[in-house]
Amino acid sequence: MKLQVKLALYNTLTKVAIILFTGLLILLSIEKISYNHIEVRLEDKKEETLRSLESSEINHSLSTQQVYTDNNILNEEFINITPAKYDPNISKGVKFTTETRNLNKKDFQTYRILSHKFNFKGHTYLLQIGETIESVEELKSIIKKFTLLVLFIALVLTLISDLVFTKFLLAPFYKIIDRKLIKVNDPMNFDYEKIKTTTQDFELLDDSISSLMKKISNLFILEKQFIANVSHELLTPISIISSRLENILLHEDLSEGSENKMHASLKTLNRLKSIINSLLLISKVENNQFDKGDMVMIAGVIKEIHEELEDRIEEKHLTFTNHLKYIFSIQGNRPLMHTLLFNIINNSIKYNNPKGSITISDDLIDDIYAITITDTGAGMEQKQIDNAFNRFEKFDTDEKESYGLGLAIVKSITAFHNIKVKISSVKNKGTAVKLIFDHAA
């Protein structure tokens with residue numbers, strides 16, 4: 001998850017928690033305030049009722065010790081005065097309760113009820129005044145819906161505002177990552193211009209990357225110099241020794257044993273020269289010491305390689321099938337592309353079974369071009385596939401000239417050209433190497 005999204009979610013969740021707390025506080029407060037409001041009204045009605053005890057209607061009921069009842073039309077309020085056991089020392093306080101009653105013998109309603117005992121003309125009476133709390137419940141329901149709506153709107157606005165703000169805040173960070181890390185292929189052409197930002201942390205990151213890149217550039221220069229020195233200091237003596245051994249072989253007075261030793265020495269020198277050249281090629285490719293100015297036609301390179309390896313194909317009685325359907329070109333280095341495809345096809349010959357087959361096919365899907373080279377050879381296990389691109393990784397083969405560098409070179413060249421390479425293989429059934437190019441040219 002991106003840092004921008006994490007920051008936005010954190011801010012949003014924090015604010016949602018605050019809003020939820022505030023919403024719950026509002027709901028609880030509304031209920032308490034509403035009940036207090038009802039209780040104040042009930043207190044007022046109690047005082048008004050006590051002042052009306054001398055009225056004819058109430059006085060008649062009390063004088064005959066009957067229950068006095070007064071309900072409004074919708075049964076939203078009621079007043080009951082009930083005779084009770086005489087108590088000369090009754091408390092003047094009131095008691096509030098919430099009860100469900102049926103006043104019209106049809107519908108039950110919940111009331112907030114005030115209960116108060118009083119003495120009148122030598123008798124004790126219980127006064128109960130009730131008011132329905134349905135309005136309070138409706139108010140609570142409205143408040144809940146309103147709170148949820150406010151919460152949702154606040155959540156959306158918070159998320160959007162946080163995303164916009166964090167995007168603005170992290171814009172310099174993403175510029176630094178993009179310009180100074182992702183798009184850097186050659187440290188020699190690194191852009192040291194500072195990214196404009198008012199955040200000290202990003203300035204420190206920018207300076208640190210630039211400082212690190214300077215060190216890498218210096219090491220890169222030293223490595224290039226080392227490669228040039230190795231090319232001269234190792235390959236030149238090997239060439240000189242090879243020439244001297246070849247001159248010695250021209251003498252007719254050499255014994256057969258000496259001549260065999262000379263041939264073995266020359267073969268060892270050639271092997272050493274081949275290994276050094278392969279390692280130098282990998283190093284040069286990985287250090288971007290080749291240009292990409294050539295327009296390379298893949299089908300043309302495949303045809304050239306087929307002609308070069310035709311003798312080896314016939315020697316093992318292999319069937320070579322070219323199923324290329326598309327004309328595809330890549331902007332790159334032609335000699336490297338030739339080496340890339342040569343090594344793959346050469347491996348499909350080297351590790352193939354006699355009278356086996358090699359098939360080359362291609363696909364073009366959604367402007368993505370892919371070429372697959374399939375053989376019917378020895379195949380590989382999963383562990384061998386995982387280590388296939390490691391240097392000096394050799395597989396079971398009768399080939400004495402295998403140095404374990406062919407696929408390492410393939411990996412370096414594909415990385416240099418931004419080509420994806422995938423290997424799928426089944427032991428004793430064959431191997432397929434697939435090259436996936438960025439886009440059709």
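Partners of Ser239 by side chain to side chain donor-acceptor pair (under 3.5 Å), not counting sequence neighbours: none found. Residues that satisfy the side chain to side chain donor-acceptor pair (under 3.5 Å) test with Asp363, not counting sequence neighbours, are absent from this structure. By the side chain to side chain contact (heavy atoms under 4.5 Å, CB included) test, Leu269 is found to be paired with Ile238, Ile241, Ser242, Leu245, residues two or more places apart in sequence or in another chain being considered. Considering only residues two or more places apart in sequence or on other chains, Glu308 meets the salt bridge (Lys or Arg N to Asp or Glu O under 4.0 Å) condition with none of them. For Gln382, the side chain to side chain donor-acceptor pair (under 3.5 Å) partners two or more places apart in sequence, or in a different chain, are Asp386. Under the salt bridge (Lys or Arg N to Asp or Glu O under 4.0 Å) criterion, Glu39 pairs with Arg112, sequence neighbours left out. Checked against side chain to side chain donor-acceptor pair (under 3.5 Å), Ser412 has the following partners two or more places apart in sequence or in another chain: Glu286. When the ring-ring contact (aromatic ring centres under 6.0 Å, His included) test is applied to Phe78, the partners found at least two apart in sequence or on another chain are Tyr111. Applying the salt bridge (Lys or Arg N to Asp or Glu O under 4.0 Å) rule to Lys194 yields the partners Asp207; only residues at least two apart in sequence or on another chain are considered.
Two residues are said to be in side-chain contact when any heavy atoms from C-beta on lie closer than 4.5 Å; Ile113 and Ile129 fail this criterion. Counting heavy atoms from C-beta outward, Val296 and Leu336 have side chains that stay 4.5 Å or more apart. Using a 4.5 Å heavy-atom cutoff, the side chains of Asn333 and Met337 are not in contact. Side-chain atoms of Thr431 and Thr374, non-hydrogen and from C-beta on, never get closer than 4.5 Å to each other.
Residue Phe165 qualifies as open at atom CZ: its count of foreign heavy atoms under 6.0 Å is 12 or below.
Taking every heavy atom of both residues into account, Leu407 and Ala388 meet most closely at CB-O, 3.4 Å. Heavy atoms only, all atoms of each residue included: Leu126 and Ser115 are closest at CD1-CB, 4.4 Å. Heavy atoms only, all atoms of each residue included: Lys316 and Lys350 are closest at NZ-O, 3.5 Å. The two atoms that bring Leu318 and Asn353 nearest to each other are CD2-O, 3.2 Å, heavy atoms only. Heavy atoms only, all atoms of each residue included: Tyr192 and Ser210 are closest at CE2-O, 3.5 Å. Nearest approach of Gly130 to Leu42, heavy atoms of both residues: C-CD2, 4.2 Å.
For residues 280-324, the ring-ring contact (aromatic ring centres under 6.0 Å, His included) pairs, not counting sequence neighbours, are His306-Phe320. Residue pairs meeting the salt bridge (charged side-chain N to carboxylate O under 4.0 Å, His left out) criterion with at least one partner in residues 318-344, sequence neighbours excluded, are Glu304-Arg334, Lys325-Asp362. Each salt bridge (charged side-chain N to carboxylate O under 4.0 Å, His left out) pair with one or both residues in residues 169-181, not counting sequence neighbours, appears once here: Asp178-Lys183, Arg179-Asp191, Lys180-Asp206.
Side-chain contact of Thr319 with Ser357: a donor-acceptor pair under 3.5 Å is absent, judged by distance alone. Thr100 and Thr110 are linked by a side-chain donor-acceptor pair at a separation below 3.5 angstrom, with hydrogens and angles left out of the test.
Between the side chain of Asp375 and the backbone N or O of Tyr351 there is no donor-acceptor pair closer than 3.5 Å. Side chain of Gln331 to backbone of Lys292: a donor-acceptor contact under 3.5 angstrom is found. Checked by atom type and distance alone, the side chain of Asn418 never pairs as donor or acceptor with a backbone atom of Thr414 at under 3.5 Å.
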Practice item. Evaluate the side chain to side chain contact (heavy atoms under 4.5 Å, CB included) criterion for residues Phe202 and Ile176: first the C-alpha distance (whole Å), next the side-chain angles of each, then the deciding distance (0.1 Å), finally the verdict. Key: CA-CA 8 Å; Phe202 296 159; Ile176 293 171; 4.2 Å; yes
Practice item. Could you walk me through whether Lys46 and Val94 pass side chain to side chain contact (heavy atoms under 4.5 Å, CB included), step by step? Key: CA-CA 10 Å; Lys46 181 201 76 169; Val94 297; 3.8 Å; yes
Exercise for review: Mind running side chain to side chain contact (heavy atoms under 4.5 Å, CB included) on Tyr369 and Leu435 for me, showing each step along the way?
Suggested key: CA-CA 8 Å; Tyr369 181 76; Leu435 301 175; over 6 Å; no
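With rounding to the nearest 0.5 Å, the separation of CG in Asn347 from CD1 in Ile344 is 8.0 Å. Within the model, atoms CG of Asn428 and OG1 of Thr376 stand 12.0 Å from one another, a figure rounded to the nearest 0.5 Å. The structure places CD of Gln384 at 11.0 Å from CD1 of Ile423, a figure rounded to the nearest 0.5 Å. Interatomic distance, OG1 of Thr372 versus NZ of Lys422, reported as 10.5 Å (0.5 Å rounding).
Between Lys383 and Glu381, no side-chain nitrogen of the basic residue sits less than 4.0 Å from a carboxylate oxygen of the acidic one, so the salt-bridge criterion is not met.
In this structure, Lys420 forms no cation-pi arrangement with Phe437, as its terminal cationic atom is not both closer than 6.0 Å to the ring centre and no more than 45° off the ring axis.
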